[in-house]
Amino acid sequence: MEPLSTARCPLTRQRTEVSLLALHLDAAAPEPLHRQLYAGVRELVLTGRLGRGARLPSSRALADELGVSRNTVLMALEQLASEGYVEGRLGSGSFVPDELPDVAPVRHRRAEARRSGPALSVRGRALAGRGAISVRRQGLLAPGPDTSDFPFELWARLTAKHWRAPDAALVAASDPRGHLALRQAIAEYLRTVRAVHCDAEQVIVVSGARQAVDLCARTLLDPGDGAAVEEPGFAGIRAVLAAAGARLVPVPVDAEGMRVPKSRDKLRLICVAPSHQYPLGVTMSLGRRLDLLARARELGAWIVEDDYDSEFRYAGPPLAALQGLDPDGRVVYIGSFSKILFPSLRLGYLVAPPQAVEDFARARSTLDDHPASAMQPVLADFIAEGHFAQHVRRMRKRYAERQRVLLDAAATELPGLLMLSPDPAGMHLVGELAPSLAKRMDDVTASRRAAKAGHAVPPLSSCYLGVPRRQGLLIGYAATPDDAIAPAVATLAAALA
């Protein structure tokens, strides 16, 4: 049974009526039926499965559902009401009260279960132990896209077009690579805009960059194999690789991007974001890209190219993908629509090298049969009809202006606290701790102080696998309205001062 809770809204509290109760009464048991019903409902209330404010079925409906007499139900409800677990309201029925008499026993049992239950696996501990640092994910200055002006009405029309009377083939979707029309739209877009060499057969639809990396790790790596990662870099990718048993090899990032791994490193995989490195925002030079491809060839290694936000480039010509320079078929190209359109979309893609397409598709089907299909035809039309390109152009102009506003506000409010420099791409800037601030606190403390003021600015140190070499905050601007940026920077300065 799903957990039951009370639905709330700002003006009124709407009660959720419970239509079914996960109870089993045994007529052959020595305990009377009304006591069994009492104990069962009490347990549901104390465990939270029957949420506070939830409305119980009527006594007649509950009697019919459980196959007992109404008097049995009334006796149980009377006992529950006398102890404060249920309250009756004239003309409305029976409800779980907002204030319960005692929940400590159940909490104690849960704590005991946590201590005495079976241990996690080694892989489970790796997954649980590498979760992202606990900071606010929503709030002013949070890194991420602006969804306030997304064309949801258009999106709704496209959704209705496909799902009001869906085609039988769409409902039965069984291709492990995803919806063909979406793969075709992605391939055409990548060939045109990113100079990626691919066709629809090479595209595999996934839920996002992490699932794409997970699929690469499972398909290309054995436990203990070396995987080079950017230092600093995206913690989510490192966690996925570590959970797969990879031996992480951090490679420093400089002004030209990720340095070329040393020849003595035994690597099977190199993960890199050449177009716009996260979190520092640098772009890998052409010479460095060619050197990286040559070193991968020397090592016999695969390359995973993470192209997470190259659409939002504000200066200079669009940059070609590393995959388009690869003559050997060793680059796996991945991207995501969640950072470009809206986070809950959870759709991304992987472009497999031609010789490995069948292997990736089979691995995908082994792990998850096929990706969820509901939004795939909608996104396919959104791209094919030009709405995606139009949205990107509109948001690119908006984000460029917001970066300028952020830099102007920082010049006024943040001297002596944070040092920001412009970035020709992306949706956030790195605010490095000024020496005077660094003497008073590290960036984790600064991030926590900012969170108390309502700002979601993760610490730069959380992006390092080893000892952090730089201290700073990742300050988003894309999702913060223009007129809110300067006041937000002012409150951030007050929190750090």
Side-chain angles (χ1 to χ4, degrees), residues 1-121 123-125 127-129 131-132 134 136-138 207 343-344 346 368 372 374:
M1 178 178 176
E2 294 293 327
L4 303 168
S5 60
T6 305
R8 300 178 184 273
C9 67
L11 299 180
T12 61
R13 182 160 56 196
Q14 300 175 345
R15 300 296 182 177
T16 302
E17 181 171 349
V18 181
S19 58
L20 296 173
L21 293 179
L23 296 173
H24 173 70
L25 306 184
D26 184 2
E31 188 175 27
L33 290 176
H34 75 275
R35 290 294 302 176
Q36 294 182 43
L37 178 56
Y38 155 81
V41 173
R42 180 178 180 274
E43 181 72 12
L44 291 176
V45 171
L46 288 178
T47 57
R49 297 175 65 193
L50 196 54
R52 303 184 187 197
R55 180 180 178 182
L56 275 66
S58 69
S59 57
R60 288 188 177 86
L62 196 52
D64 290 342
E65 182 181 316
L66 298 174
V68 298
S69 70
R70 187 184 176 206
N71 282 340
T72 297
V73 174
L74 290 174
M75 291 173 64
L77 292 177
E78 182 178 355
Q79 181 65 30
L80 290 163
S82 68
E83 296 182 11
Y85 297 105
V86 169
E87 60 183 15
R89 298 176 190 172
L90 187 62
S92 298
S94 298
F95 296 80
V96 177
D98 289 333
E99 298 296 330
L100 297 178
D102 181 18
V103 296
V106 173
R107 287 178 179 171
H108 176 72
R109 288 198 297 274
R110 286 177 176 172
E112 289 296 324
R114 283 195 295 268
R115 288 194 293 268
S116 62
L120 295 177
S121 66
R123 176 170 293 183
R125 289 195 297 272
L127 281 169
S134 179
R136 290 175 61 98
R137 294 187 178 274
Q138 293 183 339
S207 67
S344 63
R346 304 312 307 152
D368 195 22

**Prompt:** Got Arg49 and Glu43 here, is their nearest side-chain heavy-atom distance under 4.5 Å?
**Reply:** no
**Request:** Check whether any side-chain heavy atom of Glu83 sits under 4.5 Å from a side-chain heavy atom of Tyr38, and report yes or no.
**Result:** yes
How long is the gap from [atom1] on [X] to [atom2] on [Y], to the nearest 0.5 Å?
X: Arg35; Y: Thr72; atom1: CZ; atom2: OG1; result: 13.5 Å
X: Leu77; Y: His34; atom1: CG; atom2: NE2; result: 11.5 Å
X: Glu99; Y: Glu87; atom1: CD; atom2: CD; result: 10.0 Å
X: Phe95; Y: Arg55; atom1: CZ; atom2: CZ; result: 5.0 Å
X: Ser69; Y: Leu33; atom1: OG; atom2: CG; result: 8.0 Å
X: Glu65; Y: Leu25; atom1: CD; atom2: CG; result: 10.0 Å

Which heavy atom in [X] sits nearest to a heavy atom in [Y], and how many Å separate them?
X: Leu44; Y: Thr47; result: O-OG1, 3.3 Å
X: Val45; Y: Tyr85; result: CG2-O, 4.2 Å
X: Gly84; Y: Pro97; result: O-CG, 3.2 Å

**Request:** Could you walk me through whether Leu56 and Leu50 pass the side-chain contact (heavy atoms from CB on, under 4.5 Å) test, one step at a time?
**Result:** CA-CA 9 Å; Leu56 275 66; Leu50 196 54; 4.1 Å; yes
**Request:** Please determine, by modelled atom types, if Arg346 and Ser207 share a side-chain donor-acceptor pair under 3.5 angstrom.
**Result:**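 Note: Arg346 and Ser207 side chains miss the donor-acceptor criterion.
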**Prompt:** Should we count CD of Glu31 as having more than 12 external heavy atoms under 6.0 Å?
**Reply:** yes
**Whether Gln36 side chain and Asp26 backbone form a donor-acceptor pair below 3.5 Å** =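 Flag set: sc Gln36 to bb Asp26 pair under 3.5 Å.
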